Amino acid sequence: MAKQETVEHKYVYAFAEGNKDLKELLGGKGANLAEMTNLGLPVPPGFTITTEACKAYLVTGEEPDGLADQIAAHLASLEQAMGKRLGDPEDPLLVSVRSGAKFSMPGMMETVLNVGLNDRSVQGLARQASGADAQTSGGADRFAWDSYRRLIQMFGKTVCEVPGEEFEHALDDAKRAKGTHDDLDLDADDLRGLVDAYKKIFFKHTGREFPQEPREQLDLAIRAVFESWNAERAVLYRRQERIPADLGTAVNVVAMVFGNLGPDSGTGVAFTRDPASGAQGIYGDYLANAQGEDVVAGIRNTVPLQELERLDKKSYDELLGIMARLEGHYRDLCDIEFTIERGKLWMLQTRVGKRTAAAAFVIAGQLVDEGLIDLDEALHRVNGAQLAQLMFPRFRLDHEFQPVAKGIGASPGAASGKVVFTSARAVELAAEGESVILVRRETNPDDLNGMIAAQGILTSRGGKTSHAAVVARGMGKTCVSGADEIEVNVPQRRFVVGGQTVVEGDVVSIDGTTGKVYLGEVPVMPSEVVQYFEGSLDPEHVDNPLVRAVHRIMSHADARRRLAVRTNADTGADAARARRFGAEGIGLCRTEHMFLGDRRELVERLILARDNTEREAALAALLPLQRADFEEIFREMDGMPVTVRLIDPPLHEFLPPLEQLAVNVAVAQERGEDVAQEEALLAAVRRMHEENPMLGLRGVRLGLVIPGLFAMQVRAIAEAAVTVTRSGAVARPEIMVPLVGAVQELETVRAEAEKIIAEVVGDSGVEVLIGTMIEVPRAALTAGQIAEAAQFFSFGTNDLTQMGWGFSRDDVEGAFFWRYLELGIFGISPFESIDRDGVGRLVRIAAEEGRAARPELKLGVCGEHGGDPESVHFFHEVGLDYVSCSPFRVPVARLEAGRAAVETDGSDSR
Ligand code: PEP
Ligand code: MG
């Protein structure tokens, strides 16, 4: 018992105590630092304060009991390991205090470096940095004072909310006084002066002196990191990335190592494969004589990592060895941050690296080839959202367009839009429905809103690992970074490139794959992945690693999935496309569009019919047209099931709007024209007007009220099936009745339909199933009864969500969902992703009770959720037979159905 208590209250872990699987508790950074430590890699010693401690702090605003003592104990061990004391005036140990949540949130939370420096220890640091070599003491002094001013700046901004630009202005003043633009020209004396200026700024804003006590600095920095979890930009990022709000961040306290101790020092970031294309071979950026934050912020231009081989071969070789080891160990692309302090390599971070959608597929395929993972694992490593992204079109560049600049293809895709220079303007124009490209020298975390609003992001500075690049890749947004031919002038809202000036509102196009920038709007072409799905690229022969990887992984998904995937299609062309995309049937053929266009007039005649004869004449005219519709679809889907839904929306949707008609009639009457026809129409529209049409005369209710309407449709379906079957193809119609809430409704429609079917089908061999949508909550709750009269159920989760929540599906998303999302009432619209607990429960009950009543009952879903990755996993779990979605989402659903099978049913050895 006592032992359990200690375990429960353990808030601090030395790196040697953790491992990579403890991300929830130690955050990604802490868990991986622990893993690297245990692999024997050169990690500076340190410890991690758990997310539990953060969560406790965020609830009470106080550090939890015991935390301070545990920090003291771990700090003592750290001091012992380093042979130095925190902030010792003679030879100070300095530490960095870094956030690190379970999921990476690049640049969103806080870091404070050089904790432990004060007026005395800065001198000690200078002495230690210069060592015995008197010649470098000027450099050592400079380094020590530069470190101190960075501490005051970061601490002031992060811990005490001193406006960052005040420090920036003071730095600019110092450079101006020196007549330079470069920080590196400031010498030790200049920096000492800057420290004084920074301290004054600190005092002005906080009313207190900059804290000199090292432990106080440490404790305040830890608090600030805890609090940064709830900073506005972090909250926004989490919402965007769907990261839960209650995870908290861990805090890593790590002995400082310095990449800014001279030309034999430096810092860099690297990937074990190219995170944009997935191509094998290391990729990275290096910056000599700099601290890590300089690289990530993209402030100075880096050199390719390969340059390090020339600068410091020993460290380079060691780094390559470590990267190969990490990849083998994690069995995945890793990204790393490292620092070289006077020729000694230190690993500051690793993690399984973010990558583009294309790279995710390519790398998964490569890792299978290399024997590091099996195909189940490969399937697990990609997802439907990535596949959807690969199906976006790309620029068609076979005509006049010439790039005006070339930067780094930081996040792929093709984007065109109006140029904007500020986050606020991006948000404004996007709200007006414009496509915008956010153009900046470099982005920083405060640009997040603008990045979300923009179609694409273009920066003139920074590499593939700059803030813009990392965040854009995470969002799946097109981004070109480091296009340094572009001179961006934010205050004047323009940029100049090759002598041309582009002002706010001009259109540019950026290609996030090649890094090219074009003026004007470039036309686009379909993706290779779509071409592959359409059958025009042969995966066995094409020399395209992406297409080959997609083919391989999709084939495995198809082999593994339990869910069939059908499509929602109501034209022959859609049906044909969906079939090429792998659809195994039609799960929803909506018949209402077949009543529009030049058939409106027949519908009007049906509605205005004064007696049976007139109505029957209208229906008789519609019958052959409907039959032809169905014949086309059955032919396209030869051999596959086709679920045709009888007409669903209220009939008045086919008539002119009431107000417009009333005005027309009044005007015509005024002119003394003959308006008998229009008056009859107006009377009908008035008669049929409903306050809540979605809850009114629609679906099965319409079929029961308008004699002959459903009968005509049933006859058209049966006759089309017979014709197609007699011509040698196989038609497998399934007639679906919409909006059923009670078994009696279905029984009535079914009795009439069966008579017609028996008469039409005769001995043709055609089999017609009759089933129902489950889209009214009452139907879900009486599914056992309804199943007695239904051969299949198809969940209409659009209406089920509408009626389950009481949300008008046409209104609420625009009206107030933003507030619900903000309040966290749900993390995503329930119209987009199934609400598992509520609407999902209705689906589960209906599936169970329906199957209990009729074990062979076929179950599917045809609401929008059928193509949503998360929801596909839910439908797999519930045990449906198929999902049905729009043609473009069919590949996504196939992939996710395969992933769901691997995840819930476990691996097999296929
Ligand atoms: C549904 O309600 O989920 C459905 C598929 O039908 P519709 O969207 O046509 O109402
Ligand atoms: Mg519906």
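No experiment lies behind these values; they were computed from the predicted model shown. Basis for what follows: all heavy atoms, side chains included, without hydrogens, waters or symmetry-related copies. Order of appearance sets the numbers: ligands from 1, and atoms from 1 within every ligand.
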Out of R809, E864, E775, who is nearest to atom 8 (O) of ligand 1 when you count heavy atoms only?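 Ranked by closest heavy atom to atom 8 (O) of ligand 1, first place is R809.
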
Can you confirm, on distance only, whether ligand 1 has an N/O atom lying under 3.5 Å from any N/O atom belonging to E592?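 No, there is no polar N/O contact under 3.5 Å.
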
Which atoms from ligand 1 have a heavy atom of [X] less than 4.0 Å away?
X    : result
G796 : 1 (C), 2 (O), 3 (O)
D648 : 10 (O)
C862 : 5 (C)
R645 : 4 (C), 6 (O), 7 (P), 9 (O)

If we set the cut-off at 4.0 Å for heavy atoms, which region of [X] has an atom near ligand 1: side chain, backbone, both, or neither?
X    : result
D799 : both
L588 : side chain
L800 : neither
M773 : side chain

Is any NZ, NE, NH1 or NH2 atom of the basic residue among [X] and [Y] found under 4.0 Å from an Asp or Glu carboxylate oxygen of the other?
X    : Y    : answer
R836 : E877 : yes
R635 : D638 : no
E856 : R854 : yes

Just by modelled atom types, is the R899 backbone N or O under 3.5 Å from a matching donor or acceptor in the H873 side chain?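 Judged by distance alone, no pair lies under 3.5 Å.
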
From CA spacing to verdict: salt bridge (charged side-chain N to carboxylate O under 4.0 Å, His left out), E690, R698: CA-CA 11 Å; E690 293 173 310; R698 56 173 284 223; over 6 Å; no

Provide the atom name of the closest N, O or S atom of D799 relative to the Mg ion (ligand 2).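 This residue's closest N, O or S atom turns out to be OD2.
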
Please find the N/O/S atom of E775 nearest to the Mg ion (ligand 2) and write down its name.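 Nearest N/O/S atom: OE1.
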
Parallel, tilted or perpendicular, as decided by the 30° and 60° cut-offs, for the rings of F795 and F793: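 The arrangement is perpendicular - the two ring planes meet at more than 60°.
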
Parallel, tilted or perpendicular: which one describes the rings of F826 and Y820, with boundaries at 30° and 60°?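 Geometry flag for Y820 against F826: tilted rings.
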
Around R841, counting heavy atoms of other residues, nucleotides and ligands shown, do more than 12 lie under 6.0 Å from its CZ?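 Incorrect, the count does not exceed 12.
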
